[in-house]
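Let me begin by presenting the structure, written as structure tokens, before commenting on it.
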There are 2 protein chains.
Amino acid sequence: MLRPTTKDLAKAAGVSRATVDRVLNGREGVKQKTVDKVNAAIKELGFVRNIQAANLAKSKRYRFVFALPRSGDEFLRELVRHIEEAEEAFATDQIWCDVQRIDENDPHSIASFLASLSPDDASGVAIMAPESPQVRDAIFRLQERGVAAVPFISDQTTMETDSVGIDNRAAGATAALLLGRFCGAANGSVMVIAESMQSRDSLERRLGFDKELGQRFPALTALPSLETYGDEERTESIITNMLRANHNIVGIYIMSSEARVPLKILSGLQETDRLVRVAHERTPFTEKALNNGQLDCVITQNAGHLVRSAVRKLKAISDGSSTHRQQEQIRVEILLPTNL
Amino acid sequence: MLRPTTKDLAKAAGVSRATVDRVLNGREGVKQKTVDKVNAAIKELGFVRNIQAANLAKSKRYRFVFALPRSGDEFLRELVRHIEEAEEAFATDQIWCDVQRIDENDPHSIASFLASLSPDDASGVAIMAPESPQVRDAIFRLQERGVAAVPFISDQTTMETDSVGIDNRAAGATAALLLGRFCGAANGSVMVIAESMQSRDSLERRLGFDKELGQRFPALTALPSLETYGDEERTESIITNMLRANHNIVGIYIMSSEARVPLKILSGLQETDRLVRVAHERTPFTEKALNNGQLDCVITQNAGHLVRSAVRKLKAISDGSSTHRQQEQIRVEILLPTNL
DNA sequence: AAATTTCTGATGCACGTGCCTCAAAATCTG
DNA sequence: CAGATTTTGAGGCACGTGCATCAGAAATTT
């Protein structure tokens, strides 16, 4: 019933607690033979280090930094809110969380920010920034210095196992499937609106979307992606132009994580009522849009889960333990007016 | 940067650590005035009890029992799997989990099982059983004895705030919305299959389903619920009879949490290919069915989340702390072949 | 065999809290 | 005011682990 302690381990291995301690914490000056004996005992007894007690002894505290883009609209605000909530929820685990804004389009400044972090400032960092060689290198050097790091929401190919976020191809495919089915038997074309096609996330969503739409709904054609660059005027003009040029549009897929502006523009236009509209990310705005029928469906990743998963992953890396895969997989969620 | 300790509290309140301790742990023999002083200091310093250290001192271990129905098919198996996984994941928190099978239709035996639990055996129980006066009373007495208890998946009206599970009306409504939209412009009727309409869960799903279908899809009519009682032969006969009697069926809603048997029977029948099929709960079987097109959509509650949420809730009750609402709300998830 | 080096054991303090005892101080009672 | 009672303080041990020191044992080299 009780978990074995280091004392039990020592007895079982026929060594002293001091030696067990040396082995557990990888200190040198222990014969291989003795190390093996201790490891055998660990296995035999099923010893699990009591991290609470260990942290207490070390008076260890975790400080995790969320490096988030400086720009952004509602989705980002939601993230910050959830980070603050997580800070409270994890308070009993001696975990502090901070948000640090970074210039997502300036790899150099991101890299130098990461370079400035020492293990004393932060036990871990969750980084939301597009992939770039500088950032990738900075992350590696961080890890070498003993600071945990996980890519957050935006992919970094280099470290896929530890990244926190959804499978964007699956998200795109899901959007296609729902949009297609909601269109019924209609045939026509689908407008796709993105913020920018530079990021890997957008590319993957588009890839998944096209593949699924092509396979399952031959009657529907996806139009080329419109890129808003986060500029409201530009958004308005490209959308109206696209609608003018294509009279057979039956659906709209808003791929970017900030849906407010494009959707506002669409709602202002005539004759777009019958269009099936799918967007990404739960925000106060998309919730309202679902409820009043401006959106038919929202594909989202649970912002709270994202944050908590990042925290748990960072803590696990810090502790040198492993998290449970299953728990940390972020699901592609589908939001309808009925399941908000 | 450091969290204040009981020592700091004592100094701030101008009392000794012993008195702080008496106040924190609600021991008597402290003047109200002193209690107030300490509480004021707690607030002022933002003191948060270090539960890890406290548990260490008490050498507290949690044992949580999941009381699950003896009968059941794949969904229940999934639950058990997740409970075992949670046991590992929570090992570092000194938490043990056990599964105890109960006779879900015998309130008396459930009540006597609950009555047999003492705080020494279990720090908390998650109970999956239909509502009944005996069970409700037994739960109350458990709580009085200092054993935490949460209703698990199946509702107990009496203690709604602490229950772990989805909003079944929302689940039913979501099923209706998807089924309706997937049917396109067709009109006809919808077959509804349940295990039994005795349980509150089924009633609520049906309620949500009917309301949504009625409001949004006047062209579709929901037929009366077919009850399988978990009996395969019976299931087969009622389904074939229903199909024979209604030639305008366009969709099927399998409301029970075990979809395997009904769906197997449907697949064996001719002419049911074009029907839109919606079922509940993710299991190896429903996953396969989604992939090969036997099911169009699955409404589910994440079994892993359910289990972990129950554990966290039980622990929080045990600790006398509060969990964060947001995190513990179980979402109505929608599964399509693209987002498995 | 002696000297040196490498390895191991014994011991003790620390972390923050719970819980216990004993004595001292404050308050109340008659 | 004395005596009884309630309230408070001081101190110490425990939980399981990390970390440090020092002495002694074992292995290796000279």
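The sequence lines fix the lettering, A, B, ..., with proteins before strands; numbering per chain opens at 1.
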In the 5'-to-3' direction, what one-character label does each nucleotide of nucleotides 7-22 of chain D receive under the scheme B = base within less than 4.0 Å of a protein heavy atom, S = sugar-phosphate only, - = no such atom? SBBB-B--BBBBB---
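- For the side chain to side chain donor-acceptor pair (under 3.5 Å) test, no residue two or more places apart in sequence or in another chain qualifies with A:R22.
- Rounded to whole Å, the distance from CD1 on B:I42 to P on C:dT17 is 11 Å.
- Of the residues listed (A:T6, A:D8, A:N39), the one engaging A:F47 in a side-chain contact (heavy atoms from CB on, under 4.5 Å) is A:T6, and it is the only one.
- The neighbour count for A:K60 NZ, taken as heavy atoms of other residues, nucleotides or ligands under 6.0 Å away, is above 12.
- Panel note: side chain A:R63, backbone A:R61; no donor-acceptor pair is recorded below 3.5 Å.
- Between B:R308 and B:N302, the side chains place no donor N or O within less than 3.5 Å of an acceptor N or O (distance only, hydrogens not considered).
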